[in-house]
Amino acid sequence: MGSGGSKTTDSQKNGPKADVLKETDEEPISLDDIVEGYPPPKAVRDKKRHIFTEEDKKVSDSRANTIRVEDYQTFEELSRALTEGLQNDVQKVRAIFTWIGLQGTKGNNSKNNAAPMSPQHIVQLVIQRKASYNLLFVMLCRAVKIPCVFIRGLAKSAAYEVGDRTVDKLGNSWTAVFVSGGWRFVFPLWAFSAIVGHSTGTWTLVESDGQGARETEAKSSGVTVANFNDYYFLTDPDEFIYTCFPHDSKWQLLAKPYTKQQFIDIANCEQAYFENHIQITTKLECLYKSENGVCDIGIKKANEEEFKHLYKLYFNHELSKTKLSKELQLDRYVAVMNNKSAVNFRIRFPGEGIYKMEIYGGSPTGFPLICSFRLDCNEGVSNVKPFPCNPESGFGPNLVTVAAGLEAESHKTGFINVKKNKNVNIRFNLNKHVQVQTVLVHNNIQEEVLSRHVNHKVKGQHLEVNVEVPQQGEYALQINTKPKGSSEPFKNACNYLLASEDMNKKKRFYENAAEKKARNELEGCLKSNDPESIQKAIDNFDQFDLDDKGKREKAERKKNFLVLQKELKEAIARRNVDVLETAIDNAKSSEFSSNLQNHITEAEQLLAELRKLKRFAHEVLQMKQSTISEIHSYKNPRPLAYDVMKATYFLLGEKEDHLQEWEQIQGLMRKSGKQGLLRRVRQFDTINVTENMVNSAAQLLRQYDEETATTASAGLGTFYKWASNVVGNMT
C-alpha cells in the first residue's frame with residue numbers, strides 16, 4: 001500500500017512500486033493534535049462501504065468543483081460554502097477532501113499577495129510543500145465543528161523496502177475525522193500525491209511470469225505527481241494498519257492493537273489486495289526464508305472465484321553475498337500451482353541471496369500490484385534444479401482448462417506424487433468436441449523417449465490420460481487441445497507437475513493413524529459397488545504414497561469394471577444410439593468383456609432396434625415442409641389421407657378422442673417445436689408404444705398398400721411406409 005494512487009503510467013508499472021513522500025513537518029500554524037472534549041478513539045464496526053455511498057460522492061464532489069479559494073477570506077467562510085446544505089457529516093468531509101485534492105491539480109497559480117494565513121495563502125504553502133495537507137484538512141473540518149485530529153506515527157512510504165527490519169526512519173503523519181458515529185482515517189497526502197519511477201537501484205528483474213530476464217533497475221528518487229486516490233478517504237482501520245502505525249496504539253482504531261514488531265512483520269499488501277478481496281494463505285508476513293532452497297507463497301480470493309495473475313521475481317545484486325551467473329536463466333524456477341480459487345507460487349532459488357517476489361492481478365480490469373515479499377535464501381542450493389517447464393497457466397486445472405472444454409474429474413490440484421513404474425490415471429469430463437495431445441517433459445530425458453510413457457483415450461464425453469514415469473525424478477505433463485477437425489495448432493489447456501518417489505529414501509516400517517485409515521478404507525471399498533466411492537478411497541490412499549500390497553490394483557480393477565457396467569446400464573436406459581455405441585465399444589475392448597456379456601448383448605439388441613427405427617424415420621425426416629403443408633391443406637381429404645395420418649399420430653402417442661375429425665389432425669400438423677410432427681418422428685421410441693396403439697394403427701393401414709398411398713401423394717406414401725414399418729416391427 002502507501003502507493004498514493006492507482007498505477008496508471010508506464011514508469012509506475014516498470015518500477016517496483018509507486019509511492020509518496022513523507023508529509024512535511026513544517027507548519028505555519030500551530031494546532032493541537034487533539035482538541036479537548038473530542039470523542040475517545042474506539043474501534044468501529046461499520047466498513048467504509050456502509051457509511052459512504054456513490055450518491056454521497058456525487059453530491060459532495062459536485063459542490064467541491066464550484067468553490068474557488070480566492071472568493072473566501074476565512075476558513076469559516078470557505079468551509080461553510082463547501083458544506084452548507086449537505087445532508088450529513090460524511091458528505092461535508094468528502095466535499096472538503098475533494099476540494100483540497102482539486103487545489104493540488106491546479107498548481108501554484110494563486111496570487112502571491114494573498115492575505116497571511118488566509119485559505120488562499122495556506123493552499124499556496126501546501127502546494128509549495130511548506131505546509132501539510134493535514135493542516136488544511138484539519139482546519140476546514142474544525143471550522144464547521146467536525147472533530148478532526150492529527151495522528152503521528154510510522155508509514156511505509158517511498159523509503160520503505162519490503163522486508164525492512166528497521167522502520168524508525170518512516171516517520172509520517174495523517175488525520176482521523178469523526179463521522180457517522182466513529183473515527184475514520186483520512187491520509188490527504190497519499191490521496192493527492194504519488195511518486196512515479198522510484199527505485200533504489202538494488203534490484204535486478206530475473207523472471208517475469210515465466211520469462212527469463214536480466215533487467216537491472218536504475219537508481220531513481222522518482223518524480224512526485226499530483227494524484228487523486230479515493231482509497232485514502234475513510235480507509236478501514238484493519239487495512240490501514242498494514243502501512244500506517246500510530247505512535248499511540250489507541251489510534252489504530254482496532255479492538256486488538258498491533259505491536260510494532262507485528263507492523264514490521266506484516267505482509268506488504270497493496271491497495272488492490274484489499275479492493276479485490278485477496279487473501280494470503282501462507283504466513284501473513286513480508287519476509288520469507290527458504291527451506292531446502294524453496295519458498296511457497298499462497299493467495300486466493302475471499303469469494304472463492306478464480307482470477308488471473310502475473311508475477312515478477314527480482315534478485316538484490318547489492319545486498320546478496322553471492323552473484324548470479326550471467327549464463328543462468330531463471331525462466332523455470334517459479335511454479336504456479338492452481339487449486340480452484342487458490343494459487344500457490346513455489347519459488348526455487350538457484351543461488352544464495354536476497355530475492356523479491358511481486359504478485360499482480362485479481363482485478364477484472366487489469367493487473368495491479370497485489371502484494372510483494374522479500375525472500376531470503378541463506379543456505380547452500382547446489383541440488384536445486386529448475387522445473388521441467390513453466391507453463392503460462394501454471395500447474396493444475398484453472399480458467400484456461402475450463403475455456404478449453406475440460407473439467408477435471410480426478411486430479412484437481414497441480415501436483416501429483418507418483419511411484420516409479422506406477423501408472424497414474426487422470427480423468428476429465430469433456431464439454432466441447434476437441435482433439436487432445438499429451439506431452440511428458442523432463443529436464444534430461446528426450447520428449448521422444450517420454451512419448452512411450454504417456455497416452456490418452458477419449459470415451460464419449462470423458463478423457464482419460466495415463467502416465468507412467470520411467471525413472472525417479474520430476475516431470476511435467478502438458479495436456480493440449482484444439483477443436484475437433486481443426487487445422488489450427490494445439491493450445492495448452494492443463495498441466496501437472498509429477499514427482500516420483502525418492503528411491504534412495506529410507507523406508508518407514510510403520511503407518512500413522514491417517515495412513516492406516518486410508519489403507520482400511522481402500523480394503524473396505526472392495527465390497528462397494530459404487531465406482532465413485534472406490535475412486536475416492538483410491539485417491540485418498542494415493543496421497544500418502546503407501547505400498548500397494550495388491551489392494552490398490554484390485555480396487556482399480558473393480559472400479560473400472562463398475563464404470564463400464566454403469567455406462568452400459570445408463571446407455572440402455574437412455575436409448576441413445578451414440579451413447580450405446582460408445583458404451584458397447586468400451587466394454588468389448590476391455591478386459592471385462594466376458595463378465596459384461598449379458599449387458600453387452602442387451603445393449604447390442606437395443607442398438608439394432610434403434611438403428612432400425614432410425615432407418616424407418618429417414619425418409620420422413622428428408623421430407624420438405626411444403627410436402628407436409630400440402631397434406632395439411634386438404635379440406636376434404638380422401639379416407640386414405642385421414643387413415644394414414646391418424647395411424648401416424650396413434651403411434652406417436654395421441655389419444656383417439658384427439659383424432660376424431662380431420663380438423664383435429666390439421667391442428668396437430670400445425671404445431672412446431674417439441675410438438676412438431678417431424679421432431680416427434682425423429683424422437684420416436686417403441687418403448688412408449690402400447691399393444692393397443694399398434695393394433696389401432698394396423699387396422700387403419702390394413703386396407704391400403706404402399707403403392708396406393710404413394711400414388712395418392714408422395715407425402716402420404718412416406719408416412720404410410722413409416723407407420724407400416726413400425727407396426728410390422730412390433731407384431
Side-chain angles (χ1 to χ4, degrees), residues 22-46 48 51-52 60 72-84 86-97 99-100 115-119 121-123 125-126 130-155 171-191 232-238 240-241 244-260 263:
K22 172 185 178 297
E23 184 63 281
T24 181
D25 292 325
E26 184 180 351
E27 302 284 21
I29 301 174
S30 178
L31 296 179
D32 290 336
D33 285 357
I34 303 174
V35 175
E36 187 176 352
Y38 275 0
K42 292 182 180 179
V44 290
R45 292 184 179 180
D46 292 337
K48 173 180 176 177
I51 65 168
F52 178 55
S60 304
Y72 304 93
Q73 299 304 309
T74 67
F75 277 90
E76 287 73 14
E77 292 174 354
L78 173 59
S79 195
R80 192 180 309 116
L82 282 166
T83 61
E84 195 169 34
L86 297 180
Q87 293 182 354
N88 53 56
D89 284 350
V90 170
Q91 290 186 358
K92 294 175 182 179
V93 170
R94 174 65 188 193
I96 293 170
F97 172 84
W99 182 84
I100 294 174
M117 300 303 108
S118 66
H121 182 221
I122 296 299
V123 167
L125 295 177
V126 169
K130 295 180 180 178
S132 70
Y133 280 99
N134 295 334
L135 176 67
L136 183 55
F137 183 73
V138 169
M139 291 180 72
L140 287 169
C141 288
R142 289 181 180 179
V144 286
K145 310 302 182 186
I146 296 176
C148 190
V149 301
F150 295 92
I151 299 177
R152 307 186 190 279
L154 306 172
N172 216 322
S173 61
W174 52 94
T175 72
V177 61
F178 193 84
V179 293
S180 194
W183 289 100
R184 311 280 172 171
F185 293 120
V186 179
F187 202 147
L189 177 63
W190 282 15
Y232 296 103
F233 175 70
L234 309 183
T235 314
D236 290 325
D238 58 343
F240 201 67
I241 190 60
C244 297
F245 182 79
H247 292 315
D248 185 343
S249 62
K250 293 192 298 294
W251 284 102
Q252 293 181 28
L253 304 180
L254 295 171
K256 185 178 180 181
Y258 280 50
T259 65
K260 184 178 178 181
F263 173 71

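Side chain of D236 to backbone of D238: no donor-acceptor contact under 3.5 angstrom is found. Remark: side-chain polar atoms of K130 are not paired, donor with acceptor, to backbone N or O of P28 under 3.5 angstrom. Side-chain atoms of Q73 never come within 3.5 Å of backbone atoms of S118 as a donor-acceptor pair (strictly under, hydrogens ignored).
Residues passing the side-chain hydrogen bond (donor to acceptor under 3.5 Å, both in side chains) test with S132 are E27, sequence neighbours excluded.
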Listing, residues 136-153 side-chain donor-acceptor contacts under 3.5 Å, not counting sequence neighbours, or none:
unit_1, atom_1, unit_2, atom_2, d
R142, NE, Y38, OH, 3.4
R142, NE, C148, O, 3.0
R142, NH1, D32, O, 3.2
R142, NH2, D32, O, 3.0
R142, NH2, D33, O, 3.2
R142, NH2, C148, O, 3.0
R152, NE, D33, OD2, 3.1
R152, NH2, D33, OD1, 3.0

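Side-chain contact check for P188 versus T175: some heavy-atom pair is nearer than 4.5 Å. With a 4.5 Å cut-off on side-chain heavy atoms, Q252 and F245 count as touching. A 4.5 Å side-chain heavy-atom check between N134 and L189 finds every atom pair outside the cut-off. Contact of the K42 side chain with the L253 side chain is not registered, since no non-hydrogen atoms from C-beta on lie closer than 4.5 Å. Between L234 and V177, some side-chain heavy-atom pair lies under the 4.5 Å cut-off.
Between atom SG of residue C244 and atom CH2 of residue W190 there is a gap of 4.0 Å, rounded to the nearest 0.5 Å. Rounded to the nearest 0.5 Å, atoms CZ (F187) and OG1 (T235) are 9.5 Å apart.
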| query | Could you walk me through whether F233 and V93 pass the side-chain contact (heavy atoms from CB on, under 4.5 Å) check? | reply | CA-CA 9 Å; F233 175 70; V93 170; 3.7 Å; yes
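Taking a 6.0 Å sphere around CD of E77, one finds it holds more than 12 heavy atoms contributed by other residues, nucleotides or ligands.
Residues W174 and Y232 keep their aromatic ring centres 6.0 Å or farther apart.
Between W183 and F178, the two ring planes are perpendicular [angle over 60°; tilted spans 30° to 60°].
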